[in-house]
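We name chains A, B, ... by the order of the sequence lines, and we start the count at 1 in each one. What you are looking at is a predicted structure, and each value in this text was computed from that prediction instead of being measured.
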Amino acid sequence: MKGKESLRVFSLLVENKPGVLFRVSSHFRRRSYNIESIAVGPTENRDIARMVITMIADDETADSFVRLLRRTIDVIDVKKIKSEDAILRELAIVKIRASDVQTRDSILNLCNAFGARVLEITKNSVIVEITGTSSQIDNFISLASDYGVKEVSRTGVTALSRG
Amino acid sequence: MVVYSGAHALVEALKREKVEVIFGIPGGAIMPVYDVLKDSGIRHILARHEQSAAHMADGYARASGKVGVAMATSGPGTTNLVTGIANAYMDSIPVVAITGQVPTHQLGTDAFQETDALGIFNPITKYVFQPRRPTEIPYVVKAAFYLASTGRTGPVVIDVPKDVQVGEADMVFPDKVEIRGYVPSHPPDPSAIERTAEILLNAERPVILAGGGVIKSGSCDVMVALAEYLLIPVVTTLMGKGSIPENHPLAMGPIGMHGTYQANKLVMESDVILSLGVRFSDRSTMDVSEFTKERKIIHFDIDPTEIGKNVKPYHYVVGELRTAITMLYEAVKRRVRSKKESLWAKRAKQLKEEYDGRVFGINKELCSPNIVKKIREILPVNGIVTTEVGQNQMWASLYFKVLKPRTFITSGGLGTMGFGFPAAIGAKAAKPDVPVVDIAGDGSFLMTCNSLATSVTEGLPVVVCILNNSVLGMVAQWQRLFYQGRYSAVWLGPTPDFVQLAKAFKAEGVRVHSLEEFEKAFKEAIKSEVTTVIDIPISPEENVFPFVPVGESLKNMMVG
């Protein structure tokens, strides 16, 4: 019965107050779906926060979550985001192993190619910040793993509709 | 603006919501509210367990159509409410529960009688409020009643920390509230209504499946008018019982695991099901793929999350039900004249004539079906029946013909044993001039029988008819049929003596051994000014039939 599963992105406007994230995430927990990523922050209006949630689901499941989220009282608006109609970005901070000059140079080249910013260089590692689409970040991490990736912290996708 | 304590503001706000009755039990964290309640003019009915308080509020709401109010203290008072609130949530009953809470500075410290009400109630309510300042209380109460009683109705909890009850502030009582994330209902799409009329008029064998939503939205009259206009037979869900008078020629009774023979049979012969305010519970549809095969399902509901949840409809309309059904009726009237006869309606009539009220597999005179039928015979049209859960409930569903909406009160979704008796007390508080009868089993009644104290001391007399088979009957039936008769943990035995139990609470108790004795006792009981428990010993071997086993199609009914 399951349709084709893929990454779904929901953009929610919610009341910016305690308990809202719990109410929203409970829908996923109860139905045993994993939230792939979630990014929350206030909007231009301090009373309202934007929540961008991604999950792996088929069309029918995604639609049922949209309906559930719309019905949730602290949720003001829900949009299903299609990647072609929106700007999707994620930020990652990556700590890469680098204990000699050659490796460091090589990492700096890689950063240049991806537009990543170097935040810290120490004797043993380089910490860089990269912003891009999730697949760009995946790609960067995969290339960086040639040197050894010590730690990664990703924010999860955030999004705005185009136009 | 006036200066009130939070507790005073809470009670004032309840009065402004025209609350007349509260069911509850006081305790440490809710004492400031009880102190104000004493002189408020609002009637407080003292329950003996918070679960029963919630069921009373629930029964009150179902009988009256108003919001039922329950009250409890923090901690155990709050957790005891949980079953009752979950029950109201599953059946979409408007209940507002007010719970005490430890003071705000103690929240999260495992203080005495602290429990995370917000966390516990979130999945079983429409919303949980926890005002953190006294000034929030008037808004919160207004919003709670608004949420509970509009859209798809349901329970709302207000969890009030004790310091918020005690603190004083200038209070402003709003006349209305707006909640920007909440749209009670959407207007039905006229083109979707037109399309429904087309599908319905092209159907050869249409049925209406009426759910609890028809009763809640007050759409019974329009639905019956539509059914009569097109001669469409009406089957119901358990929650939809009473949406059409069950002595109506087109009324076939409920479908489901223990649906009537004629309803299950007919619905599976249909080619279109116009489903109104139902959620396609697994106990109603049984095997869903068989239920939806070879027929078109049209689904009308106020709640968009119900569309496609359990059954993928061929066509649907989202919106307030009365508006939607009225629009449909108008659309149908514009297209065709009223039907005078149809082969399909004849088929329904024939099935009904053959199977209506038939008892399968039992041939004793003093048996549950006959007792239920006798209750209907004697009880006035507006008399209210509540049920417990299990065999007693299914016999009531099969053999008690409901003639008016809101006169049949049962725990449909959660299936809560112990619901019927406190719900009956709540219903009696709502309708003091009407006899209220709980059709009970011995297992269920024992779960909340301490409500006898409430019933007697608060002057809310009801009649409890215990179909006493000394077993947990429905489980025993399953063990008999699916577990090779290996009875496990179902035998309740001869205790208690329900007559003595009733008398211990200063209620009436009587045991009957024949249908004749029952008739006499019941006639007296419904006139009595004190609660009467009628103990009716029946065979532990009685089965409820028809019975569609889990996983089977509604076609495959066991009848003995």
Side-chain angles (χ1 to χ4, degrees), chain A residues 1-5 8 10-33 35 38 40 42-53 55 57-80, chain B residues 86 89 92 104 107-108 116-133 136 140 143-144 146-148 150-157 159 177-186 279 288-289 292 299 301-313 316 318:
Chain A
M1 288 294 276
K2 259 196 176 168
K4 195 168 161 278
E5 292 197 327
R8 312 290 167 150
F10 307 128
S11 174
L12 284 64
L13 291 177
V14 303
E15 298 288 344
N16 190 14
K17 63 181 191 188
V20 177
L21 177 58
F22 169 68
R23 287 185 169 111
V24 167
S25 62
S26 281
H27 293 304
F28 294 85
R29 172 194 54 73
R30 182 173 171 203
R31 289 161 187 83
S32 228
Y33 277 87
I35 293 176
I38 183 163
V40 193
T43 60
E44 65 284 0
N45 177 350
R46 282 291 310 175
D47 292 344
I48 297 178
R50 183 179 298 280
M51 224 178 243
V52 178
I53 300 174
M55 73 182 296
D58 64 6
D59 283 337
E60 214 168 288
T61 309
D63 286 343
S64 73
F65 273 99
V66 169
R67 286 195 293 263
L68 277 169
L69 292 167
R70 282 208 176 115
R71 194 183 68 169
T72 307
I73 284 159
D74 287 331
V75 175
I76 300 159
D77 187 39
V78 183
K79 280 201 183 83
K80 239 188 345 179
Chain B
Y89 185 65
S92 306
T104 48
L107 284 168
D116 177 9
L118 231 144
I120 290 173
F121 285 116
N122 174 65
I124 52 168
T125 53
K126 255 182 111 167
Y127 202 75
V128 187
F129 289 97
Q130 190 182 64
R132 296 294 182 100
R133 283 183 298 276
E136 292 172 30
V140 160
Y146 172 56
L147 288 175
T150 57
R152 178 178 185 169
T153 53
V156 175
V157 169
D159 188 50
V177 290
E178 273 192 38
I179 299 167
R180 57 186 163 188
Y182 177 65
V183 184
S185 64
H186 301 269
R279 60 184 181 82
V288 178
S289 60
T292 52
H299 193 183
D301 209 279
I302 193 169
D303 179 357
T305 69
E306 284 302 335
I307 307 297
K309 187 182 81 178
N310 292 335
V311 162
K312 209 172 174 177
Y316 66 88
V318 172

**Fill in**
Under 4.5 Å to a heavy atom of chain A? For B:K312 that would be side chain
**Message:** Is it the case that the side chain of B:D159 and the backbone of B:Q130 share a donor-acceptor pair, with hydrogens and angles ignored and the cut-off at 3.5 Å?
**Reply:** no
**Prompt:** Between atom CZ of B:R180 and atom CG of A:D47, what is the distance when rounded to the nearest 0.5 Å?
**Reply:** 5.5 Å
**Request:** Name the region of B:I179, side chain, backbone, both or neither, that has any atom closer than 4.5 Å to a heavy atom of chain A.
**Result:** side chain
**Request:** Measure distances from A:S26 to the heavy atoms of chain B and classify the residue's part below 4.5 Å as side chain, backbone, both or neither.
**Result:** side chain
**Prompt:** Which region of B:V128, side chain (C-beta onward) or backbone (N, CA, C, O), has a non-hydrogen atom less than 4.5 Å from a non-hydrogen atom of chain A, or is it both or neither?
**Reply:** both
**Fill in**
When rounded to the nearest 0.5 Å, the distance separating NZ of A:K80 from CZ of A:F10 is 7.5 Å
**Message:** Looking only at the aromatic ring of each residue, does the gap between the centers of B:Y127 and B:Y182 stay below 6.0 angstrom?
**Reply:** no
**Request:** For B:D116, check salt bridge (Lys or Arg N to Asp or Glu O under 4.0 Å) against everything at least two apart and list the hits.
**Result:** none
**Message:** If I measure from the heavy atoms of chain A, does B:I307 come under 4.5 Å with its side chain, its backbone, both, or neither?
**Reply:** backbone
